[in-house]
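Below: the structure, in structure tokens.
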Amino acid sequence: MPTEINFYPSDASVTSEGVFVFGYTQDKKKIAVFDAKYFPWLALAQENVDGLRQICNKLGVEFKHTQNEGNLTKVFFNIKDFDKVAREARQLNLYNSDISLRKRWWIDRKILPFTLTKAIGEPLSRANLKVDMVLGADFLDSLNTSLDTIDIVGFDFETSSSGAFPDPELNAIISIALYSNNFRRVITWKRFAPHEPHVTFVDSEAELIEEFVRSVNELKPHILAGYGSDNFDMPYLIRRAKKYDIELELNWDKSELSLKRSGHRTARVVGISYCDVSHFIRRILALDTDHYSLDLVAKKMLGKGKLAGFNAKRINEIWSVGLPEELALLCDYNLIDAQLAQELAKKILPVQMELCKLTGQPLHDVNLMTYGTLVEWFVIKNADIFIPPRPKEMEVAERQRHSYEGGLVVEPIPGLYKDICAFDFRSLYPSIIASHNISPETMDCSCCGVRGGFAIKEESIWFCSKKQGFVPKLVGDLVERRKRINDILAATSPSDASFSELMARQHALKFIAAAFYGYLGFGASRFYSFDCAKAVTSLGRKYIQMVLKEANKLGFKILYGDTDSLFVVMKNDTDAEAKSFLQIINSILPAPMELEFKAKYRSGIFLGKKSGEGGAKKRYALLTQGNSLILRGLEAIRGDWSNLAKRTQKEILQILLAEQDAEKGLAHFRKITNNVKTQKTELEDLAIRIKLTRPLQSYATNAPHVVAAKLAKAKGHPVRRGFLVSYVRTKGPDKVRLLEDCKKEDYDADYYIEHQLLRAVYKIFEIFGYGLEKLKAGQTTLEGY
DNA sequence: TATCCCTACGATGTCG
DNA sequence: CGACATCGTAGG
């Protein structure tokens, strides 16, 4: 008797016999659905099918069946044969041949993660699966209902340590915390009294590990979320478990928990969605921060951080001394970390879920994606085309040698301006792609010719005006859907239950639409098209130039423009003027291109270049109607300047722009320089932080941050790519000292005054008529500077 | 197996 | 000293 079961799939695993799909049923039983009838296919030109047959004969592989589509033939195979054939027949110009089957299964089967799916088939017995039920499916179908409550369990480990960093060979895991909406537990193996009920004592590290695994399995989360856990907790767990010969039974199949390499070392828990959310936060959300520690990221995203005052040394002390109240505090610390991981995962979940739907990929995979992969999977899932293979390394290198012209930037005239109006294009590049049908296969089509298609004179190419390409179709869709959502959002109160959901959806659509253009010009792209990428920016320049010209015609004073935006002072400064400007422009623009009014500012300054003549591009400050500052490109928003200079620059701008009191600004500036001069400034304010973008030995320069990085390495810090060097400029021949080794009396006051403070403000004061001499003049009167 | 593009500024060190 | 190369980080 066939059984019918509805379930929410979360993960798939490919074996040579078929695909296991894992998930929970509606009453939260663990289920594995076995799809033995999945036959992956590849496509090739019909004239190459015989060649493929010969190769298959040699390999002893049979075609499952074939199917003609246009000029191409799809050939289906058994899973176990697929990779072998695809590899051996590479020279036959194959399509859809190098896409991971585990990921592709979802797309071929049209099943979405966390979406109710009907499975019909016979129950199977499979002792090696850790699930409540196994079904051999003859039929699978998506019922298109999303799972509405997703259970997220956050987790975090604490370990002892002998040095600055825990060593998994030497140092034990001392406690593990788990946190979800309705559950919290800290497991530890040193007893103390009194203790809170959520603290569970065990007798050894081995029992701790086993209890953790048991807890996860009993909690049955959809998502197991860590922060930085691919780098720390998971590898640590695996090493410590091995030491005690413990089998980590987290996976729903018989396999042991292991680390995979998918660009990045990551753990995958078979069955549920394990996510180290730091990947997504770093790669997709790309917070404006110079490092991605849990504390900093949580403060930015959740408005709260870790429990203060802990580090590896302190944790180690607490553990070895063993005072009850201290151990209790350590448990709190551990639990808060797990809670932060859980809340971060919860926060990004709506966007991730939307991306799961757009790419057809499970959460674990979406969490690891970059912009490139996001676009790639979006195309694989949604485009009605055959997928070409990834380019080979040589090809990628060759592509990377060419580059093309980008956006237009208007040089500003340095000065202070009042009543500034800002306009910008809504999604410029996506809307250009959609309106001009820019796609690799619509370029230079024979059906149109130069006169019939969308011509780009400057590049001597054209795009078909008869048949829509796959890129414009997908991008146009994204732009349109996003606009629809934004329209609804505009009429929705932020307190409305649907608001954050809609917000997440429009964000997800934006991420993909915005990355499409870059993906066309990306060397490792499957859909690389130098000419398409070039055409997009070329049209972008054409349209912004058209807008600048029209603004000029209307008598607007053009202050600045960058790629898709312009800042002007209008003639009469009325709403009607702005409105008619937009009307003129938008009647010229082809849909869905659109110029929008962005904001009006009370005032703003555009700075002169520090070296050479003229105005500096990408460096300005604006004052909103509410008297708050918007800064672009300035030192105050750069990560590689001292807090002292950054703060001072902001304060000076606030005084000069909002309070319009240059004398007060000058007095304030002098006060700060004097403080620096008398060695009174805190080192934390003087530290300069710079991130290494490459391995230390590959530097061809002795720049201060490289010198400092070498000092850090000598002290045993893990100086790798991405390492954040914190140093202070000092007097004496070495010039540089690590922040941690510096004393207040050692800092080089002259450097901080000349190269940090003055350099951060002199171009601003200049606009207000205060030259460099005047800024320095005040200093000479004080204690013989 | 890593996986988005170009434009721009400015700091610093080195060389002639 | 200026020209230039190297490097990091920003804007869009």
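Quick caveat: nothing in here was measured; it's all calculated off a predicted structure. Every chain is numbered from 1, with letters handed out A, B, ... down the list of sequences.
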- Item | Set of side-chain contact (heavy atoms from CB on, under 4.5 Å) partners for A:Arg721, sequence neighbours left out | A:Pro695
- Message: Short of 4.0 Å, heavy atom to strand atom, which residues of residues 639-653 of chain A count as contacting DNA chain C?
- Response: A:Gly639, A:Asp640
- Do the side-chain N or O atoms of A:Tyr727 get closer than 4.0 angstrom to the phosphate oxygens (OP1, OP2) of B:dT12? no
- Task: Look at A:Lys691 and C:dT9 and indicate whether a side-chain polar atom (N or O) is within less than 4.0 Å of OP1 or OP2.
- Result: no
- Nucleotide B:dT7, atom P - distance to CG of A:Leu428 in whole Å: 15 Å
- Item | Under the side chain to side chain donor-acceptor pair (under 3.5 Å) test, residues paired with A:Asn643 that sit two or more places apart | none
- Task: Would you mind classifying the nucleic acid contact of A:Tyr429 as base, sugar-phosphate or nothing, using non-hydrogen atoms under 4.0 angstrom?
- Result: nothing
- Query: NA contact type, A:Phe530, heavy-atom cut-off 4.0 Å: base, sugar-phosphate, or nothing?
  - Reply: nothing
- With a non-hydrogen cut-off below 4.0 angstrom, is A:Phe522 in contact with a base, only sugar-phosphate, or nothing? sugar-phosphate
- Sequence neighbours excluded, which residues qualify as side-chain contact (heavy atoms from CB on, under 4.5 Å) partners of A:Val379? A:Val375, A:Ala383, A:Ile385, A:Phe470, A:Leu474, A:Phe516, A:Phe527
- Task: Give a yes/no on whether any side-chain N or O of A:Thr370 is located under 4.0 angstrom from OP1 or OP2 of B:dC4.
- Result: yes
- Item | Residues forming a side chain to side chain donor-acceptor pair (under 3.5 Å) with A:Ser529, sequence neighbours excluded | none
- Message: Using a 4.0 Å heavy-atom cut-off, does A:Ser525 contact any base of the nucleic acid, only the sugar-phosphate backbone, or nothing at all?
- Response: nothing
- How is A:Phe425 classified with respect to the nucleic acid when contacts are heavy atoms under 4.0 Å: base, sugar-phosphate, or nothing? nothing
- Check: A:Arg390 side chain, B:dT3 base, donor-acceptor under 3.5 Å: no
- Task: Name all pairs fulfilling the salt bridge (Lys or Arg N to Asp or Glu O under 4.0 Å) condition that reach into residues 629-638 of chain A, sequence neighbours left out, sorted by first residue then second.
- Result: A:Lys610-A:Glu635, A:Arg619-A:Glu635, A:Arg638-A:Asp640
- Message: List the residues meeting side chain to side chain donor-acceptor pair (under 3.5 Å) with A:Arg541, not counting sequence neighbours, and say none if there are none.
- Response: A:Glu405
- Counting just side-chain N and O atoms, does A:Thr693 come under 4.0 Å of either OP1 or OP2 of C:dC7? no
- side chain to side chain donor-acceptor pair (under 3.5 Å) partners of A:Asp746, counting only residues at least two apart: A:Arg737
- Message: In whole Å, I'd like the distance from the CZ atom of A:Arg526 to the C1' atom of B:dT1.
- Response: 12 Å
- Query: Between C:dT9, B:dC9, C:dG11, which nucleotide has the shortest distance from any of its atoms to the side chain of A:Ile690?
  - Reply: C:dT9
- Item | Axial cation check for A:Phe530 ring with A:Arg399, 6.0 Å and 45° limits | no
- Query: So what does A:Lys618 hit on the nucleic acid, given a heavy-atom distance under 4.0 Å: a base, only sugar-phosphate, or nothing?
  - Reply: base
- Hey, can you pull the residues of residues 694-702 of chain A with a non-hydrogen atom under 4.0 angstrom from DNA chain C? A:Arg694, A:Tyr699, A:Ala700, A:Thr701
- Compare side-chain N and O positions of A:Arg638 against OP1 and OP2 of C:dC7 and report whether any pair is under 4.0 Å apart. no
